Amino acid sequence: MTKQSVPRSLIAQLPKTDLHVHLDGSLRPTTLLELAAEQRISLPVNSLDELDSWLDAAHGSLPTYLEIFETTLKVLQTPDALKRVSYELAEDAHNENVRYLEVRFSPTLHHNAGLTTTKIIDAVVEGMNEARDKLGIRSGVILCGIRTISPEESLRLAGHAVNYKGRGVVAFDLAGAEKDYPAKDHLKAFYTILNNNVNCTVHAGEGFGAASINQAIHYCGAHRIGHGTRLMEDPDLHNYVRDHRIPLEMCLTSNVDTGATESFGTHPFKAYFDSALRVTLNTDNRFVSRTTMTNELDLACRTFGFSIYDLRRILINGFKSAFIPHDEKVAVLHQAIDEMDRLFRDYYPDTYRAYRTFL
């Protein structure tokens, strides 16, 4: 069957997931300015126009990209700010038909005003729960250890992930610079997570090679891989990840912004998709990379020539990879598939029967 281009208007309406999105990289620009004014915090910029130029200047490498977080974190040191930003992120996702959202952050980075870790986690969970109650969007929180911070701190955060299991936290992650900061240094944290049957994901293969992904899987027991752009460097590991259906949380725009890939056209996403890896698309940092899930999916379709059949597979991968209990996952997935197929039928009434046969 001939492939048809996918209009952005359809992409905006499709049910989606966003499994890899950082809270401190996904504030609304207006909220950053308002919180800074309320808290009397000086920012390097003072208007929305200046924000755009500031972000442009920071793109190009991971170190300069991460410098932006030094600013966003300044305004995220109070319960009210954390709850507000969490709610707004869920609301923004809901407004583009994200049905399930996983928000990750490191409580370690929010202690500057003396908040306890439990107060920090509670504020984020409360914001997500409020969005669920008001808007209906399902969500989960992922707590992040940081490679450049001590393994003892990762172990402490892993304990909190265990304590909050079933109470809003759905997984543990290890983020931060990969080179010279191996994930295996944090093994005690991952032992705690896995021995208590908690999900885990690891940032790997973004700023370092495939060996980092190998370590995340075989040392840390990662159930998913954050980014994984350099998996192609190890064909045998590539096959292992494919055969074991280990999802890759891929983020097109941020990978170009950080220099993880040279351009959208050279991004390995399509090669991974074509080789039957379980690839998912995500935003990573909605504010820092100025993107949305609709943007990421539209970009993928335009860059790689994906059809509605391809897009359907990518969206299904997202729902299949969610850190939610099996029964709930099946119900959410079937609902999403029904909604996708209805929208495809509405957009392509003349070819819908052939489309169903193709699937």
Side-chain angles (χ1 to χ4, degrees), residues 12 15-39 72-144 157 160-173 198-199 282-288 291-294 318-319 322-325 328-329 331-332 335-336 339:
K16 309 169 183 69
T17 60
D18 192 354
L19 306 180
H20 188 122
V21 53
H22 292 266
L23 182 68
D24 47 343
S26 299
L27 298 76
R28 291 175 180 169
T30 51
T31 296
L32 173 62
L33 296 175
E34 289 171 9
L35 288 175
E38 291 171 8
Q39 299 173 24
T72 60
L73 284 166
K74 288 181 180 179
V75 304
L76 294 176
Q77 303 297 325
T78 70
D80 287 345
L82 287 164
K83 181 178 178 181
R84 173 181 173 177
V85 169
S86 301
Y87 177 86
E88 290 179 351
L89 172 54
E91 183 178 45
D92 291 343
H94 166 77
N95 288 339
E96 56 165 342
N97 293 304
V98 171
R99 299 285 186 263
Y100 179 71
L101 174 71
E102 288 178 359
V103 178
R104 62 187 70 194
F105 78 109
S106 179
T108 304
L109 304 178
H110 301 271
H111 287 301
N112 291 355
L115 291 180
T116 65
T117 299
T118 54
K119 286 186 179 296
I120 293 166
I121 299 172
D122 285 342
V124 174
V125 171
E126 286 173 14
M128 305 306 292
N129 287 345
E130 183 177 337
R132 177 200 62 204
D133 294 342
K134 291 184 177 180
L135 307 172
I137 182 172
R138 293 176 170 89
S139 63
V141 172
I142 298 176
L143 301 185
C144 295
L157 291 176
H160 283 287
V162 172
N163 292 337
Y164 276 83
K165 178 183 176 181
R167 299 193 294 128
V169 173
V170 298
F172 177 76
D173 177 30
V198 176
N199 301 302
N282 310 277
T283 58
D284 200 9
N285 298 289
R286 285 172 170 252
F287 165 66
V288 182
T291 192
T292 65
M293 273 310 305
T294 299
F319 286 101
F323 285 146
I324 53 180
E328 181 181 354
K329 184 183 297 188
V332 171
Q335 182 181 0
E339 188 172 351

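From a predicted model like this one, the values you see are computed outputs, not experimental measurements.
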*With Arg286 via salt bridge (Lys or Arg N to Asp or Glu O under 4.0 Å) - residues at least two apart*: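 For Arg286 the salt bridge (Lys or Arg N to Asp or Glu O under 4.0 Å) partners, ignoring immediate neighbours, are Asp18, Glu96.
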
With no hydrogens and no angle check, do the side chains of [X] and [Y] hold a donor and an acceptor under 3.5 Å apart?
| X | Y | answer |
| --- | --- | --- |
| Tyr87 | Asn129 | no |
| Thr78 | His110 | no |
| Glu102 | Ser139 | no |
| Thr116 | Thr118 | yes |

Which heavy atom of [X] sits nearest to which heavy atom of [Y], and what is that distance?
| X | Y | value |
| --- | --- | --- |
| Met128 | Ala90 | CE-CB, 4.0 Å |
| Asp24 | Thr72 | O-OG1, 2.7 Å |
| Gly318 | Thr17 | CA-OG1, 3.3 Å |
| Tyr100 | Phe323 | OH-O, 3.5 Å |
| Ile120 | Pro107 | CD1-O, 3.6 Å |
| Leu19 | Ile142 | O-CD1, 4.3 Å |

Check: [X] side chain, [Y] main-chain N or O, donor-acceptor pair, under 3.5 Å:
| X | Y | result |
| --- | --- | --- |
| Gln77 | Asn112 | yes |
| Thr31 | Leu27 | no |
| Lys165 | Val198 | no |

*Please determine which of Asp284, Asp173, Asn282 meets the side-chain hydrogen bond (donor to acceptor under 3.5 Å, both in side chains) test together with His20.*
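Running side-chain hydrogen bond (donor to acceptor under 3.5 Å, both in side chains) over Asp284, Asp173, Asn282 with His20 returns exactly one hit, Asp284.
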
_Among Arg84, Arg28, Gln39, which residue satisfies the side-chain hydrogen bond (donor to acceptor under 3.5 Å, both in side chains) criterion with Glu34?_
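Of the listed residues Arg84, Arg28, Gln39, the side-chain hydrogen bond (donor to acceptor under 3.5 Å, both in side chains) partner of Glu34 is Arg84.
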
Taking the side chain as C-beta and beyond, is there a heavy-atom pair between [X] and [Y] under 4.5 Å?
| X | Y | answer |
| --- | --- | --- |
| Ile324 | Arg138 | no |
| Asn285 | Val21 | no |
| Phe172 | Asn199 | no |

*Do Lys134 and Glu91 sit within salt-bridge range, that is, some charged N less than 4.0 Å from a carboxylate O?*
no

*For side-chain contact (heavy atoms from CB on, under 4.5 Å), just list the numbers for Arg99 and Asn97, CA-CA rounded to whole Å, side-chain angles, deciding distance to a tenth of an Å, and then say yes or no.*
CA-CA 6 Å; Arg99 299 285 186 263; Asn97 293 304; 3.3 Å; yes

